[in-house]
Amino acid sequence: MTEKVITRFPPSPTGSLHIGNIRSLLFNYLYTRKHGGNIVMRFEDTDKERSDKVHEAVALETLEALGLDFDRGPFRQSERTEKYVSALNTLIEKDLAFVAEESEGEPGKHVIRFRNPNKTITFHDIIRGDITIDTTGFGDFVIARSEDSPVYHLSVVVDDIEMGVTHVIRGEDHITSTPRQILLIEALGGTVPTYAHLPLIVGSDKKKLGKRHGAVTYQEFRDLGYVPSAIVNYLALLGWNPGDDREFFTKDELIKEFSLERVNNSPASFSYKKLDSINRHHILQMPEDEYLGEVKKFLCANAEGEKLCAFVNFEDLVKLVIRERINKFSEVTSMFAAGEFDWLLHAPEPEVDKLLWKDTSPENTRKHLGHVIDSLDKVSNWTVDDIKEAIWPYAERNGRGEVLWPMRFALTGQEKSPDPFTVAFLLGKEEALTRLQKAEQLL
RNA sequence: GGCCCCAUCGUCUAGCGGUUAGGACAUCGCCCUCUCACGGCGAAAACCGGGGUUCAAUUCCCCGUGGGGUCACCA
């Protein structure tokens, strides 16, 4: 009960840290922080061929960005070989392992095999209860490619024992290999940790989440405009829930609420739609300047975008027309590409018949536009509120659609846009009046 | 195929013997509204099948079916 919780972050730098790994790390993190324990960061790079330092850097960047800090490490298994060798020698001395003559491919090479006692192992899993597996089928499995090249199962076990790991929280794809590791722990005289095997995250096709399903690494999600807090929030909900209807959590709230007992045990499929909705919530919570900075990053990326960003009322544009409309920041790029901001940069060439609201006559429309022009001309304080105040009573009297539609269409030339008051405000008084007069003359 | 894990709306899930089976995302409808978006309201939508146990099963047990995982000198 008073035992200090020690867990680990054990990515293998043989590929990108993907969302499934990140979720496992997150659950380790939440559990450990909740119980005031320590997290050991450890790169499992015993496969020299496939390990790459690039992946280590990406993994560290991901943890940093998501705020998943650890307490010890990062260690590298490739730098701890002597510990595994010593364990290996101990096992061989005790005749719990042996040098086997055969080795695939190269004749004359040896491998080290574990002398499997061929017994049935039962271990308790916090999430699934007792799991019993007969290890006979594993045979005398290989624990080292050679005297100085241990294989995953050995190095993990040696490290977990030495680092005092108390809780192993990982994906359920490791269930089957758990008995193998327990066998080794017993042979080495270590204490078997507590296990918790998390349900896998699958794609919409129920298969293990991978590239073909879309974004899978933190960096990909970041580039799409998802924020770290939303990713953490959403990932926590994949397999865990607080037991009530709450869905929005900060990292600290998650630490407070989290428990492995409430992790469910069936695979969860990743929903980009749901992530969008969570992300929307989180970006709405962002401080304004931070929000502006993010939009700028996405919107001002190219020459045309830069022009828009140089627009006098950039901040107002974001606050008034963008903030409520996006789920993720990359959407401002698509909005821009779809021409939704064209009216800001280019005066429209409005088609006459589209200026008319329903069956309103050109004469009446011209009259309304004339009135709008006169009213706006008198507005001295050019704010959305004052503009609306100048137009609204007249629109109410004469039919909102008959007045507002031609006004908005004259200003934007688009059937869909923000409301005419906001549009007029963003264009500035002079430009707005110019466009309205131009439309009036068309009628 | 052997072994292991899993099974509630399309999706994420609540439920831990007795509920009108609840919420969220998505979908659809209505309202708001000059359009779009936002917002509000509402609708449709699920217990894989068969046996037990029980006064009573979505819930407990067994079998089947389905899905997934794992069977490396990868982790």
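Numbered from 1 within each chain, the chains take letters A, B, ... in sequence-line order. On a predicted model such as this, the values are computed, not experimentally measured, just so you know.
Annotation: A:Glu396, atom CD; neighbour count of heavy atoms from other residues, nucleotides and ligands within 6.0 Å is above 12. Enclosure of atom NZ in A:Lys256 is not indicated, since only 12 or fewer non-hydrogen atoms of other residues, nucleotides or ligands lie within 6.0 angstrom.
Remark: P of B:C36 and CZ of A:Arg408 are 9 Å apart, rounded to the nearest angstrom. Nucleotide B:G10 holds its C1' atom 17 Å from the CZ atom of A:Phe270, rounded to whole Å. Atom CZ in A:Arg323 sits about 16 Å away from atom C1' in B:G39, given to the nearest Å. Atom pair A:Glu172:CD and B:C3:C1' shows a separation of 14 Å (rounding to whole Å applied). The nearest whole Å value for the distance from the CD1 atom in A:Ile201 to the P atom in B:G67 is 22 Å.
Figure legend: cation-pi geometry between A:Arg246 and A:Phe249 absent, as NZ or CZ is not positioned both under 6.0 Å from the six-membered ring centre and within 45° of its axis. Relative to the ring axis of A:Phe75, A:Arg80 places its NZ or CZ within 45° and under 6.0 Å from the centre. Relative to the ring axis of A:Phe9, A:Arg42 does not place its NZ or CZ within 45° and under 6.0 Å from the centre.
The listed nucleotides are B:C38, B:C12, B:C25; the one nearest the side chain of A:Arg280 is B:C38. Of the candidate nucleotides B:C38, B:C34, B:C74, B:C34 has the atom nearest to the side chain of A:Trp405. Here the side chain of A:Ser266 is nearest to one of B:A7, B:C12, B:C4, namely B:A7. The side chain of A:Ser269 lies closest to B:C12 when the candidates are B:C12, B:C25, B:U35. If you check B:A37, B:C74, B:C34 against the side chain of A:Arg325, the one that comes closest is B:A37. Taking only side-chain atoms of A:Ile131, from C-beta outward, the nucleotide of B:U35, B:C5, B:U13 with the closest atom is B:C5. The side chain of A:Ile133 lies closest to B:C4, out of B:C4, B:C74, B:A14. Here the side chain of A:His153 is nearest to one of B:C6, B:C25, B:A75, namely B:A75.
Nucleic acid contact class of A:His197 (heavy atoms, under 4.0 Å, all strands): none. No engagement by A:Ile278 is indicated, since no non-hydrogen atom pair under 4.0 Å with the nucleic acid exists. Within the 4.0 angstrom heavy-atom criterion, base atoms lie near A:Asp419. Among the protein residues, A:Ser146 comes within range of no part of the nucleic acid, since none of its heavy atoms lies under 4.0 Å from any strand. Within 4.0 Å of A:Gly239, counting heavy atoms only, lie sugar-phosphate atoms of the nucleic acid but no base atom. Note on A:Thr46: only backbone sugar-phosphate atoms sit closer than 4.0 angstrom, heavy atoms only; bases stay farther off. Among the protein residues, A:Arg128 comes within range of the sugar-phosphate backbone only, with heavy atoms under 4.0 Å from sugar or phosphate atoms but none that close to a base.
At a cut-off of 3.5 Å, with distance as the only test, no side-chain donor of A:Glu44 or A:Ser155 sits close to an acceptor on the other residue. For the residue pair A:Arg170 and A:Thr178, a side-chain donor N or O sits within less than 3.5 Å of a side-chain acceptor on the partner.
Side-chain N or O atoms of A:Asp140 include none that pairs as donor or acceptor with a backbone N or O of A:Arg113 at under 3.5 Å. Remark: the backbone N or O of A:Asp419 is not paired with any side-chain donor or acceptor of A:Arg408 at under 3.5 angstrom. Looking only at distances, a side-chain donor or acceptor of A:Asn116 sits under 3.5 Å from a matching main-chain atom of A:Gly139. At least one donor-acceptor pair under 3.5 Å links the side chain of A:Asn28 to the backbone N or O of A:Ile169.
Ion pairing between a basic and an acidic side chain is recognised when a charged N comes within 4.0 Å of a carboxylate O; A:Glu340 and A:Arg325 show such pairing. For the pair A:Arg366 and A:Glu363, the salt-bridge criterion is not met [side-chain N within less than 4.0 Å of a carboxylate O]. Ion pairing between a basic and an acidic side chain is recognised when a charged N comes within 4.0 Å of a carboxylate O; A:Glu172 and A:Arg128 show such pairing. Here A:Asp385 does not pair with A:Lys388 in a salt bridge; the nearest charged N to carboxylate O distance is not below 4.0 Å. A salt bridge does not link A:Arg397 with A:Glu402: none of the charged nitrogens is closer than 4.0 Å to a carboxylate oxygen. Residues A:Glu186 and A:Lys119 are paired through a salt bridge, judged by an N-O separation under 4.0 Å between the basic side chain and the carboxylate.
Take the nearest nucleotide of RNA chain B for A:Asp47 and for A:Leu238: the residue whose nucleotide is more 5' is A:Leu238. Annotation: of the two residues near RNA chain B, A:Gly401 and A:Lys273, the 5′-most nearest-nucleotide partner is A:Lys273.
Residues of residues 409-418 of chain A having a heavy atom closer than 4.0 Å to RNA chain B, listed by number: A:Glu415, A:Lys416, A:Ser417, A:Pro418. Within residues 344-366 of chain A, the residues that have a heavy atom under 4.0 Å from RNA chain B are, in order of number, A:Trp357.
Exactly one residue among A:Lys251, A:Glu247, A:His282 makes a side chain to side chain donor-acceptor pair (under 3.5 Å) with A:Asn233. That residue is A:His282.
Pair assignment for B:A24 gives B:U11, based on Watson-Crick or G-U wobble hydrogen-bonding distances that are each under 3.5 Å. For B:G1, the paired base is B:C71 (Watson-Crick or G-U wobble, both distances below 3.5 Å).
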Between protein and nucleic acid, restricted to nucleotides 70-72 of chain B and to nitrogen or oxygen atoms under 3.5 Å apart, what atom pairs and distances do you find?
from, atom 1, to, atom 2, distance (Å)
B:U70, OP1, A:Lys208, NZ, 3.2

Mind listing the N/O atom pairs, protein and nucleotides 19-23 of chain B, below 3.5 Å?
none

Enumerate all atom pairs, one protein N or O and one N or O from nucleotides 29-33 of chain B, separated by less than 3.5 Å.
from, atom 1, to, atom 2, distance (Å)
B:U33, OP1, A:Arg400, NH1, 3.4

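Close to B:U13, at under 4.0 Å from its OP1 or OP2, lies no side-chain N or O of A:Asn241. Regarding contacts with the backbone of B:U8, every side-chain N or O of A:Asn264 stays at 4.0 angstrom or more from both OP1 and OP2.
B:C12 and B:A45 have their C1' atoms separated by 15 Å, with the value rounded to a whole Å.
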Walk along nucleotides 57-64 of chain B from 5' to 3' and tag each nucleotide B, S or - by protein heavy-atom contact under 4.0 Å, base first, then sugar-phosphate. --------
Can you check side-chain contact (heavy atoms from CB on, under 4.5 Å) on A:Thr62 and A:Ile22, steps first, answer last? CA-CA 8 Å; A:Thr62 301; A:Ile22 297 172; 3.8 Å; yes
